[in-house]
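Only one structure is covered here, and it is reproduced in the block below.
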Amino acid sequence: MLRPTVIRNYLSILESMGYSQQQVLQGTGIDARRLYEDDYLVESSGCQKTICNIIQLTGNPGIGLEIGGKTELLSFGITAYALTTCRFLWETSYVWRQYSEPLLGMMSRIEVGEDKIGNMTLTISDPSYASPIFVFCVEEFFAMICKLGRDMTGARHKFINVELPYPRPKYGGRYETLFACHMKFCARHARLTIDKRWVGLQLVAPEDSPE
C-alpha cells in the first residue's frame, strides 16, 4: 500500500494538459475524493494502472520525461519540507531513498552510491511489472532530478553518465537534449551518475531559486 502523493501530482499535471480525474483514474480503484485524507492508501496495482492510463491517454510513450520535468517540490508535502532542511544537494538523495516509497508512493526504489572517483550514483531497482511502467518510472525520476536539482541549487545539472536497461526509444533524442551527457542503452542498470561538484553545491533559499 502506498501514499497517494504522486497520484495527486499526476492528476494536477494531467489536468493542466486537458485530462480529467476520471480519465486518469479509470479502472484504478482509486477514490479521488479521498486523496487528501491522511490515512488513505492506494494499491500498487492502482498506481501501475494510473501510469498505463497516462501513457494511453497522451499517446506519448515518453510522457515520464514531461511529468518529471513539470514536477514542483511543493507537490511532495511533508517530504518537501524534509528536503528543504538539507544544506547540500547530496543530502537530498538520502531523503529520496528513505521517503520516496512510503511517503510519496513512487513506484521505483532508489539506491544511492558512489563511483570510483566519488561521483554520486542513483540506481533504480528493476521492478517486476511491465516494461512500459518501468520506463515511465525511470524517465520520471531522472527528469525530476534535473528539474528539482536545478530549482534547489540555482545551477544546471551536471550528469556524467545515464545508463538505461532498455533499447534506445524512437524519441531518444529527447534524452540527449535533457540529460546532456553520455548515454548508454541496453545497460545492466537504470543508473544516473552525477558530478560530485554538482551534488556538493549548497542549496539556495526558495526565494533565491531561479524562475
Side-chain angles (χ1 to χ4, degrees), residues 6 51 61-73 76 79-80 82-101 103-104 106-129 131-204 209-210:
V6 294
I51 293 171
I63 188 62
L65 293 173
E66 293 190 26
I67 289 180
K70 292 177 181 290
T71 297
E72 299 291 341
L73 182 62
F76 295 139
T79 306
L83 289 167
T84 58
T85 63
C86 299
R87 290 189 59 200
F88 299 96
L89 188 60
W90 66 265
E91 294 176 325
T92 66
S93 64
Y94 296 94
V95 176
W96 280 111
R97 182 178 65 178
Q98 185 173 1
Y99 296 117
S100 63
E101 188 174 10
L103 288 184
L104 298 183
M106 294 185 71
M107 296 297 298
S108 49
R109 294 184 179 180
I110 303 158
E111 298 174 3
V112 183
E114 291 185 358
D115 67 7
K116 295 180 179 179
I117 60 173
N119 295 312
M120 176 176 285
T121 61
L122 299 177
T123 303
I124 297 180
S125 300
D126 189 3
S128 59
Y129 41 78
S131 178
I133 299 176
F134 176 58
V135 172
F136 175 97
C137 292
V138 171
E139 292 179 343
E140 177 191 20
F141 180 67
F142 285 1
M144 195 183 301
I145 293 297
C146 290
K147 169 68 164 53
L148 299 184
R150 178 182 180 275
D151 290 348
M152 298 178 76
T153 64
R156 181 171 172 78
H157 65 273
K158 295 179 180 179
F159 295 163
I160 302 296
N161 194 36
V162 174
E163 301 170 71
L164 301 160
Y166 47 82
R168 186 180 190 274
K170 293 181 180 179
Y171 54 90
R174 293 163 60 188
Y175 281 79
E176 281 84 3
T177 300
L178 177 60
F179 301 121
C181 69
H182 177 261
M183 306 291 307
K184 182 179 180 181
F185 293 95
C186 297
R188 293 180 58 190
H189 315 277
R191 178 174 292 168
L192 180 62
T193 303
I194 309 174
D195 193 309
K196 59 185 178 182
R197 294 170 293 181
W198 190 57
V199 296
L201 292 176
Q202 190 165 349
L203 304 187
V204 298
S209 300

Worksheet item: For Glu72, which residues count as a side chain to side chain donor-acceptor pair (under 3.5 Å) partner, sequence neighbours excluded?
Response: Lys147
Item to complete: Measure up the Phe159 and Phe179 rings against each other and bin them: parallel (under 30°), tilted (30 to 60°), perpendicular (over 60°).
Response: tilted
Worksheet item: Do Phe134 and Ile124 have side chains that get closer than 4.5 Å, going by heavy atoms?
Response: yes
Worksheet entry | Note, Leu164 side chain near Val138 side chain (heavy atom, < 4.5 Å) | yes
Discussion item. Could you report the tightest heavy-atom contact between Glu163 and Ala187, atom names first, then the distance?
Written reply: CB-CB, 3.8 Å
Worksheet entry | Enclosure of Arg197 CZ (heavy-atom neighbours >12, cutoff 6.0 Å) | no
Fill in: Which residues share a side-chain contact (heavy atoms from CB on, under 4.5 Å) with Arg156, sequence neighbours left out
Ala180
Worksheet item: Is the shortest heavy-atom distance from the side chain of Ser93 to the side chain of Val199 under 4.5 Å?
Response: no
Discussion item. So, taking the atom named CZ in Phe88 and the one named CE in Met152, what distance separates them when rounded to the nearest 0.5 Å?
Written reply: 13.0 Å
Worksheet item: Does some side-chain heavy atom of Thr121 sit less than 4.5 Å from a side-chain heavy atom of Val112?
Response: no
Worksheet item: Among all residues two or more places apart in sequence or in another chain, which pass the salt bridge (charged side-chain N to carboxylate O under 4.0 Å, His left out) test with Glu66?
Response: Arg174
Worksheet item: Which residues pass the ring-ring contact (aromatic ring centres under 6.0 Å, His included) test with Phe136, sequence neighbours left out?
Response: Tyr10
Item to complete: Please list, chain by chain and in numerical order, all residues satisfying ring-ring contact (aromatic ring centres under 6.0 Å, His included) with Tyr166, sequence neighbours excluded.
Response: none
Discussion item. How long is the straight-line distance from CD1 of Ile67 back to CD1 of Ile63, given to the nearest 0.5 Å?
Written reply: 5.0 Å
Worksheet entry | Any Leu203 side-chain heavy atom under 4.5 Å of Thr153 side chain | yes
Item to complete: Can you sort out the partners of His189 under side chain to side chain donor-acceptor pair (under 3.5 Å), two or more places apart, ordered by chain and number?
Response: none
Worksheet item: Got a second to check how far Ile145's CD1 is from Arg150's CZ, nearest 0.5 Å?
Response: 15.0 Å
Discussion item. What I'd like to find out is whether the side chain of Leu65 reaches to under 4.5 Å of the side chain of Tyr171, using heavy atoms alone.
Written reply: yes
Worksheet entry | Check: Val162 and Cys181 side chains under 4.5 Å, non-hydrogen atoms | yes
Worksheet entry | Ring centres under 6.0 angstrom apart (Tyr175, Phe185) | yes
Fill in: Distance in Å, Leu89 CG paired with Ile194 CD1, rounded so as to fall on 0.5 Å steps
7.0 Å
Worksheet item: Taking C-beta and beyond as the side chain, do Glu176 and Met183 meet within less than 4.5 Å on heavy atoms?
Response: yes
